[in-house]
Amino acid sequence: MPASHATTFPVAARPDPEEIGSLIAEHMGLEGPLLPILHAVQARFGHVPGEAHGPICDALNITRAELHGVISFYHDFRERPAGRHVVRICRSEACQSVGADALAARVLDRLGLGWGGTTPDGRITVEPVYCLGLCACGPAAMIDDEVRGRVDAEALLSEVTR
């Protein structure tokens with residue numbers, strides 16, 4: 001896979017509180033700023049670090065439980081950094097009917113992961129997704145930002161492990 005397609009995040013060792021504050025401030029003028037703030041924080045750090053929770057809650061006058069509810073509800077938000085490659089396997093009924101369950105089981109088993117897990121070397125994260133819009137070409141998967149149809153476990157694993 002060309003390096004330009006790899007999912008990489010500029011992850012800081014410890015998120016700078018001033019940078020977190022700046023990201024929050026940039027979005028406070030929006031109506032309903034929570035999701036834009038979370039997207040901005042994740043875009044910067046590759047995940048929504050715990051260090052950002054307090055400042056976000058304080059700025060928006062919400063509880064940590066409310067924030068956690070939003071982060072855990074939306075599948076795109078992560079509380080830990082993702083691997084260098086993110087593999088999303090479609091879990092919709094259309095893809096399940098043409099082998100997505102077997103595909104997922106094979107990939108997760110070969111990598112020794114559960115859903116949302118990242119390999120110990122930080123190379124690959126595997127996540128479920130509920131429709132990639134390739135219902136006629138299932139099973140479907142997304143490798144980094146590229147959608148694939150009629151995915152075979154061996155080809156998928158070969159692509160992300162080279």
Side-chain angles (χ1 to χ4, degrees), residues 1-95 100 104 107-108 111 113-135 137-149 151 156 159-160:
M1 167 175 292
S4 64
H5 294 315
T7 300
T8 58
F9 299 107
V11 178
R14 289 192 70 84
D16 177 19
E18 287 185 26
E19 189 171 6
I20 292 169
S22 176
L23 291 170
I24 294 168
E26 287 176 27
H27 298 88
M28 284 302 291
L30 299 174
E31 186 174 330
L34 178 55
L35 292 178
I37 288 170
L38 291 173
H39 281 290
V41 168
Q42 182 158 295
R44 169 57 186 97
F45 299 107
H47 66 297
V48 180
E51 294 89 343
H53 292 197
I56 292 170
C57 290
D58 292 344
L60 300 176
N61 194 29
I62 60 174
T63 67
R64 286 181 183 259
E66 290 170 310
L67 178 62
H68 175 74
V70 171
I71 292 170
S72 62
F73 178 79
Y74 291 101
H75 297 288
D76 286 336
F77 296 123
R78 296 183 183 89
E79 295 189 76
R80 291 177 304 284
R84 288 187 302 278
H85 296 288
V86 177
V87 174
R88 292 182 174 105
I89 299 174
C90 184
R91 306 288 297 138
S92 73
E93 290 81 2
C95 282
V107 169
L108 293 169
L111 296 173
L113 299 174
W115 288 114
T118 300
T119 56
D121 62 2
R123 184 176 195 140
I124 304 163
T125 297
V126 181
E127 299 175 336
V129 65
Y130 295 90
C131 194
L132 292 169
L134 290 178
C135 300
C137 299
M142 179 181 279
I143 301 172
D144 299 323
D145 295 324
E146 293 188 22
V147 180
R148 305 276 202 287
V151 176
L156 184 149
E159 185 168 339
V160 296

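Just so it is clear, the values below take in all heavy atoms, side chains as well, and ignore hydrogens, waters and symmetry mates. Remember, predicted model here, so these are calculated numbers, not experimental data.
Expressed to the nearest 0.5 Å, how far CZ of Arg84 lies from OG1 of Thr125 amounts to 10.0 Å. Atoms CE and CD1, from Met142 and Ile89 in turn, are 12.5 Å apart once rounded to the nearest 0.5 Å. Here the CD-OH distance, from Glu93 to Tyr130, works out to 10.0 Å after rounding to the nearest 0.5 Å. Considering CD1 of Ile143 and CZ of Arg148, their distance stands at 4.5 Å, rounded to 0.5 Å.
Looking only at side-chain heavy atoms (C-beta outward), Ile20 and Glu51 come within less than 4.5 Å of each other. Using a 4.5 Å heavy-atom threshold, the side chains of Arg78 and Thr118 count as separate.
The two atoms that bring Gly69 and Ser72 nearest to each other are O-OG, 3.4 Å, heavy atoms only. Between Pro139 and Cys95, the closest heavy-atom pair is CA-SG, 3.9 Å. Closest of all the heavy-atom pairs between Ala140 and Leu134 is CB-CB, 4.0 Å. Closest heavy-atom contact between Leu156 and Ala141: CD1-CB, 3.9 Å.
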Please tabulate, for the side chains in residues 21-38, all donor-acceptor contacts under 3.5 angstrom to protein atoms that are two or more places apart in sequence or on a different chain.
unit_1: His27; atom_1: ND1; unit_2: Leu23; atom_2: O; d: 2.8

Return all side-chain donor-acceptor pairs below 3.5 angstrom for residues 52-64, not counting sequence neighbours, or 'none' if the list is empty.
unit_1: Thr63; atom_1: OG1; unit_2: Ala65; atom_2: N; d: 3.4
unit_1: Thr63; atom_1: OG1; unit_2: Glu66; atom_2: N; d: 3.0
unit_1: Thr63; atom_1: OG1; unit_2: Glu66; atom_2: OE1; d: 3.3

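Counting only distance, with no hydrogens or angles, the side chain of His85 and the backbone of Gly83 share no donor-acceptor pair below 3.5 Å. Under the 3.5 Å distance criterion, the side-chain polar atoms of Gln42 are matched with a main-chain donor or acceptor of Asp76.
Atom OH of Tyr74 is surrounded by 12 or fewer heavy atoms from other residues, nucleotides or ligands within 6.0 Å. Arg123 CZ: more than 12 foreign heavy atoms inside a 6.0 Å radius.
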